Each structure stands twice: as structure tokens, then as C-alpha cells.
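Since we're looking at a predicted model, the values are computed, not measured. Each chain gets a letter, A, B and so on, in the order the sequences are listed, and its residues count up from 1.
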Amino acid sequence: MKLVIGGFSQGKLEYVLNRNQDKDCVVLDGKLRCDEDLRGKTVIVSRLHGWIRERLADGGCPEKEIMEFAEKYPECILICDEIGNGIVPADAFERAYRERTGRILIMLAESAKEVVRVICGIGQKIK
Amino acid sequence: MLILIMGGSGSGKSAYAEEYICSVSGGRKKYYLATMQVFDEETRAKAEKHRRARSGKGFFTIEQPVSVCKTPEEMKGNAALLECMSNLTANEMFSGKAPKSYEAVAEKIVGDIESLNRELEVLVVVTNNVFEDGISYDDDTVSYIKALGSVNRRLAAMADQVIEVVAGIPVTVKEKG
């Protein structure tokens with residue numbers, strides 16, 4: 001599994017697609033499920049933060065679900081916005097969303113083969 | 001030696017700062033200067049979580065919500081982890097009747113940390129990146145952000161090393177001089 005993080009609109013998906021032109025890529029936008037047969041494909045999850053937010057709102061356990069997904073698709077690429085670099089919100093759900101997304105990214109970064117931070121379309125390999 | 005460690009919410013900056021200070025403090029005593037004021041269940045849980053994470057690592061905890069230069073004599077020549085600038089800035093700015101100006105707050109905090117640093121062999125300061133959410137805030141919050149930004153810039157200029165923690169991974173911002 002590879003992890004790609006960075007701020008909003010920094011060109012993360014474009015960065016990933018450009019580097020995987022030779023592969024048969026499937027992009028799951030803000031979701032972990034699709035009807036297509038994903039065998040033999042390079043699975044890219046974009047807007048992972050959107051999915052985390054939905055799962056938290058539904059009372060789900062995104063930590064467990066995303067780890068299971070990464071085990072099922074060991075060659076997947078996960079793309080997530082950095083959302084923690086702001087004023088801590090007054091709303092409890094918003095606070096929990098930022099905190100848990102941060103913790104999920106730490107957990108994913110630990111088990112990732114590679115972690116890239118994208119700024120202005122440029123990828124910095126930090127692991 | 002002054003080390004500045006920054007990161008966003010849930011970035012893993014605290015865990016990294018603890019690990020860092022343990023690796024450089026040698027045989028010195030390690031103090032943890034806690035600036036967070038506990039006032040409800042959430043802050044209590046947060047303080048407890050931090051305490052648990054530090055337990056067994058040999059830290060002496062001192063609660064210091066404002067005026068971080070007013071620390072005990074016994075800390076002299078030892079190592080301290082000061083956490084964190086976002087709480088300290090809020091405490092210094094909003095603890096009086098009216099919010100203080102961001103210039104005055106930044107001046108006070110940086111001055112306090114300068115004197116604290118003179119007393120210590122190792123000082124690790126944890127701060128937050130609150131500058132990248134693109135939201136337009138009210139005047140008090142903008143003033144708070146400016147104070148924290150000013151504190152960060154001035155501490156970074158003084159620091160021997162600045163590290164940003166991203167998803168638990170340390171990224172060097174200012175190389176060890």
C-alpha cells in the first residue's frame with residue numbers, strides 16, 4: 001500500500017495517475033466499494049477523508065475497515081487530504097473528524113511501503 | 001539547545017516530541033511543562049491520554065498554563081518538553097478580562113521561552129500548524145492566529161532545529177545547525 005497526502009487541490013490524484021500510466025488503474029472516489037472486478041487492477045482510493053467523514057457520521061469504524069481494505073488490496077494507493085492544519089473547531093464532530101483522520105493517517109503511514117506528500121503538484125517522498 | 005516540533009491535529013507531534021527528548025536528554029531529568037487547562041470531560045480525557053503516553057518514560061509533570069518562565073529552580077541544567085504553543089497562546093491571550101494584542105502576547109511568550117531556554121540544557125517546544133484551513137475567522141481568532149504565527153516564526157529563528165511531523169513522520173524544516 002502507498003499513501004499520498006496533501007492539502008486540498010494540490011494535484012494528488014493527477015500525481016498518482018501520471019506515475020501509473022502503464023497500469024490498469026481504477027479510481028474509487030471517496031469510497032472503498034465498487035461493482036467492478038478489481039482483480040489485476042491498480043486500485044486507487046481518492047478523497048479518503050470524505051469516506052472517513054461519512055463512516056464517522058454513520059457511527060462506523062473507519063480504522064478497522066481501511067486496514068482490512070489495505071490487506072485485501074496490498075498494491076492499492078490511498079489518497080487523503082491533510083485536514084489537520086487549522087484552528088481546532090468548536091464543533092465536537094468536526095474535532096473528532098480531524099483527530100481520527102490524523103490518527104488513521106499515522107496508522108496507514110506506518111504500514112505503507114511509501115508515503116508521499118504532494119504540494120503544488122510536486123510529490124515529496126517522506127517515507 | 002532549542003528544538004521546535006510542529007504538526008497539525010492528530011499528526012503524532014506529541015509522541016514524536018517525547019521520543020525525541022528521550023533520545024537527547026542523556027542522564028538529565030526530564031520535565032513536562034503542560035499548558036492545557038483542564039475544564040471539561042474532553043480536556044480531561046486528552047490530558048489523561050497524554051499522561052498515559054508519558055508514563056514510564058520518567059517525566060516530571062508541571063502544570064504551567066501561563067508564564068512558562070516561572071518554573072522551579074530544580075529544572076536548571078535539565079531537559080524539558082513544553083507542550084503546546086496553541087494552548088499557551090490562547091491562555092496568555094484570553095485569560096484576562098479582554099483579549100490582549102497579538103503583538104503583546106507573542107512578545108511575552110517568546111521572552112518567557114528565551115529565559116526558560118537559558119536555564120535548560122535541552123528545551124523541546126511543541127507547536128501547532130493552524131494556518132492552512134482557508135477559513136475566514138472573526139477578529140479575535142485572526143488575532144490569535146497571528147500571535148501563534150509570530151511565536152512560531154520567532155521560535156523557529158531561535159531554534160537549533162525545526163521538525164514538522166506529518167502522519168507520524170518527521171520532516172526536517174530547519175537543519176540542525
Side-chain angles (χ1 to χ4, degrees), chain A residues 1-10 12 48-49 52-53 56 62-63 66 70 77-120 122-127, chain B residues 6-17 19 35-37 40-43 45-46 49-50 53 84-90 93-94 126-149 152 163-173:
Chain A
M1 180 260 292
K2 291 180 183 171
L3 179 65
V4 177
I5 55 176
F8 178 69
S9 193
Q10 294 300 303
K12 298 183 288 298
L48 183 70
H49 59 285
I52 294 171
R53 192 185 171 92
L56 290 177
E63 290 84 357
I66 189 64
I77 302 170
L78 306 176
I79 304 174
C80 186
D81 274 16
E82 170 60 75
I83 59 160
N85 295 340
I87 290 291
V88 176
D91 181 73
F93 176 79
E94 293 292 336
R95 271 201 304 281
Y97 165 52
R98 278 157 184 74
E99 183 70 27
R100 280 179 73 177
T101 301
R103 301 288 157 195
I104 287 170
L105 290 181
I106 293 174
M107 185 177 74
L108 292 172
E110 265 171 19
S111 55
K113 280 190 289 207
E114 184 180 292
V115 180
V116 174
R117 173 162 69 162
V118 178
I119 297 172
C120 306
I122 297 166
Q124 296 176 307
K125 192 170 162 181
I126 61 173
K127 178 180 171 181
Chain B
M6 82 174 315
S9 307
S11 61
K13 58 188 182 302
S14 304
Y16 180 75
E19 197 182 297
T35 59
M36 189 175 71
Q37 288 169 310
D40 63 3
E41 201 36 59
E42 191 174 329
T43 46
K46 198 154 190 159
K49 192 179 123 197
H50 279 249
C84 65
M85 289 306 103
S86 55
N87 284 320
L88 182 63
T89 301
M93 186 169 251
F94 302 113
V126 176
T127 191
N128 295 54
N129 179 354
V130 302
F131 311 100
E132 300 174 354
D133 61 9
I135 300 173
S136 299
Y137 289 100
D138 60 275
D139 292 350
D140 279 350
T141 309
V142 169
S143 178
Y144 166 80
I145 296 171
K146 284 184 176 177
L148 187 56
N152 282 357
I163 298 159
E164 181 186 6
V165 182
V166 182
I169 299 167
V171 179
T172 301
V173 177

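The line from NZ of B/K46 to CZ of A/R95 is 8.5 Å long, rounded to the nearest 0.5 Å. The line from CZ of A/R100 to OG of B/S9 is 14.5 Å long, rounded to the nearest 0.5 Å. Taking OG of B/S11 as the start and CZ of A/R98 as the end, the distance is 14.0 Å to the nearest 0.5 Å. With rounding to the nearest 0.5 Å, the separation of CD1 in B/I169 from CD in A/E110 is 9.0 Å. Here the CG-CD1 distance, from B/N128 to A/I87, works out to 9.0 Å after rounding to the nearest 0.5 Å.
Residue contact with chain A, scored on non-hydrogen atoms closer than 4.5 Å, involves the side chain of B/T141 exclusively. Heavy-atom distances place the side chain of B/I145, and not its backbone, under 4.5 Å from chain A.
Within 6.0 Å of CZ on B/F131 lie more than 12 heavy atoms contributed by other residues, nucleotides or ligands. The local environment of NZ in A/K127 is crowded, with over 12 non-hydrogen atoms from other residues, nucleotides or ligands closer than 6.0 Å. By the neighbour-count criterion of 12 heavy atoms within 6.0 Å, atom CG of B/D139 is sparsely surrounded, having that number or fewer from other residues, nucleotides or ligands.
Closest approach of B/G8 to A/N85, counting heavy atoms only: CA-OD1, 3.2 Å.
Two residues are said to be in side-chain contact when any heavy atoms from C-beta on lie closer than 4.5 Å; A/R117 and B/V171 meet this criterion.
Ranked by non-hydrogen atom pairs under 4.5 Å with chain A, the options B/G168, B/G12, B/A167 are led by B/A167.
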